[in-house]
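The model shown is predicted, which means the values in this text are computed figures rather than measured ones.
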Amino acid sequence: MFVDEVEILVQAGDGGNGCLAFRRETKVPRGGPSGGDGGNGGSIYMVASAHQNTLVTYRFHPEFRGERGQHGMGSNRTGRSGVDMVLEVPPGTVAYEKTETDLIPLADMTTIGERVLVARGGRGGRGNAAFATSTNRAPRRVEPGRAGEMRTLQLRLKLLADVGLVGFPNTGKSTLVSRISAARPKIADYPFTTLTPNLGVVLLSGDRSFVVADVPGLIEGAHLGHGLGTKFLAHLERTKVLVHVIDVSSASERDPVEDYEIICKELALFAGAGDEAAVALADKPQIAAANKTDALDDPARLAKLKKHLKKKKVPLYPISAATGEGLDDLLEAMWREVARAVESSVV
């Protein structure tokens, strides 16, 4: 099950209480205070792990409580501190603290091994031995342990991919991913076959590689919730280039030019669902792939699309995901855009 958004409660461990004790041993007069400090409560950390690819674990286990520290003991013995808890999340997870009115960004975990403190454990209280002074040699004062932090967190997963495929349902996006990578998404001849994003690694000559993401198809009005809405477009925010997959055959009974313009409109209207880290998808570099050329029964449909995209200065690559025709040129174009984006980010 693919889960990309969850809400969890994290509560770090409380600190242990300080101890009130006095030393009483034979042949040791006026032993004095000997109450030890309480141990610190266990903190809760979040770490990006390569072993996780979904947030499904937290859907069914939404509450996490850290271990409390032990109380202090006599003979100046400090209580044991609580063990820290580590929550593993997929790389690309964004954590927010949920308040009554807002979401406060805490961490954007894009690197494997990245570790973030999300709830700090409470400090242990001091025992009476800590309050002994030259004028107060038998203090009866102790401190209680402090409470650990408690937070309600909202976790959102944004997949880490270099290239994102967008288009109407049944334009051949999943077939394309299965053809150019080892990914095996569900493929069928009915709308909305793809219900969750799929990732595939594309390998090219010269040890070149990049990751491509296929998200569920869009339809007109997706930003209003029509179809599957734009929920999964957040997974394209980290991509370096978008590829429009357009069906140029007559099977869809739609105009390829209108399809392209509708998808562009939905990308422009995508606002990230209230996410402050949302990225304008319409501003990303874009490529178009005219798919299903093996079933092209009216060449005028492809010619019209070429003319329209030429005005938009969007490169168009006629392909057939089913037969593999034209895929080499498309992959090289994807790689050039990815490499260009990487170079510009370095500079």
_Considering only residues two or more places apart or on different chains, which pairs with a residue in residues 86-101 satisfy salt bridge (charged side-chain N to carboxylate O under 4.0 Å, His left out)?_
E7-K98, E97-R151
*Kindly indicate whether the side chain of L153, heavy atoms from C-beta on, has any atom under 4.5 Å from the side chain of L106.*
yes
*Less than 4.5 Å apart, any side-chain heavy atom of K284 and any of L236?*
no
_Check: S250/D297 side-chain N/O donor and acceptor closer than 3.5 Å_ = yes
*Test item: T57 and V3 side chains (from C-beta on) under 4.5 Å apart, heavy atoms*: no
_For the backbone of G148 and the side chain of D14, can you confirm whether one donor and one acceptor N or O come within less than 3.5 Å of each other?_
yes
*Do any N or O atoms from the side chain of T99 and from the backbone of D102 form a donor-acceptor pair under 3.5 angstrom?*
yes
*asked:* Check whether T171 reaches the backbone of D247 with its side chain - one donor and one acceptor, N or O, closer than 3.5 Å.
replied: no
*Please answer whether the main-chain N or O of R120 pairs with a side-chain N or O of E149 as donor and acceptor at a distance below 3.5 Å.*
yes
*Is any side-chain heavy atom of K306 closer than 4.5 Å to a side-chain heavy atom of P318?*
yes
*Output yes when R340 and E337 qualify as a salt bridge under the 4.0 Å nitrogen-oxygen rule, no when they do not.*
yes
*For the pair R68 (side chain) and G15 (backbone), establish whether a donor and an acceptor sit closer than 3.5 Å, ignoring hydrogens and angles.*
yes
_Determine whether a donor-acceptor pair (N or O, by modelled atom type, separation under 3.5 Å) exists between the side chain of R115 and the backbone of Y45._
no
*Establish whether L199 and V56 are linked, either directly or via other cluster members, by ILVMFWY side-chain heavy-atom contacts under 4.5 Å.*
yes
*Can you hop from L305 to V166 via hydrophobic side chains spaced under 4.5 Å?*
no
*Check whether any side-chain heavy atom of L87 sits under 4.5 Å from a side-chain heavy atom of V10, and report yes or no.*
yes
*Keeping the roles fixed (side chain from T133, backbone from N136), state whether a donor-acceptor pair exists under 3.5 Å.*
yes
*asked:* Determine whether a donor-acceptor pair (N or O, by modelled atom type, separation under 3.5 Å) exists between the side chain of E67 and the backbone of V83.
replied: yes
*Any sub-3.5 Å donor-acceptor pair from N128's side-chain atoms to P33's backbone N or O?*
no
*At what distance, to the nearest 0.5 angstrom, does OG1 of T93 lie from CE of M109?*
7.0 Å
*With sequence neighbours excluded, what pairs up with R208 under the side-chain hydrogen bond (donor to acceptor under 3.5 Å, both in side chains) test?*
S205, E332
*Heavy-atom closest pair, residues E5 and L55*: N-CD1, 4.1 Å
_Quick one, L330 and I287 - any side-chain contact, counting heavy atoms below 4.5 Å?_
yes
*With a cut-off of 6.0 Å (strictly less than), are more than 12 heavy atoms of other residues, nucleotides or ligands near CZ of R146?*
no
_Between K304 and D255 (salt bridge meaning N to carboxylate O under 4.0 Å), is one present in this structure?_
yes
*When you measure from the side chain of N40 to the backbone N and O of G124, does any donor-acceptor pair fall under 3.5 Å?*
yes
*Above 12 or not: heavy atoms from other molecules or residues under 6.0 Å from NE2 of H61?*
yes
*Less than 4.5 Å apart, any side-chain heavy atom of C264 and any of Q286?*
yes
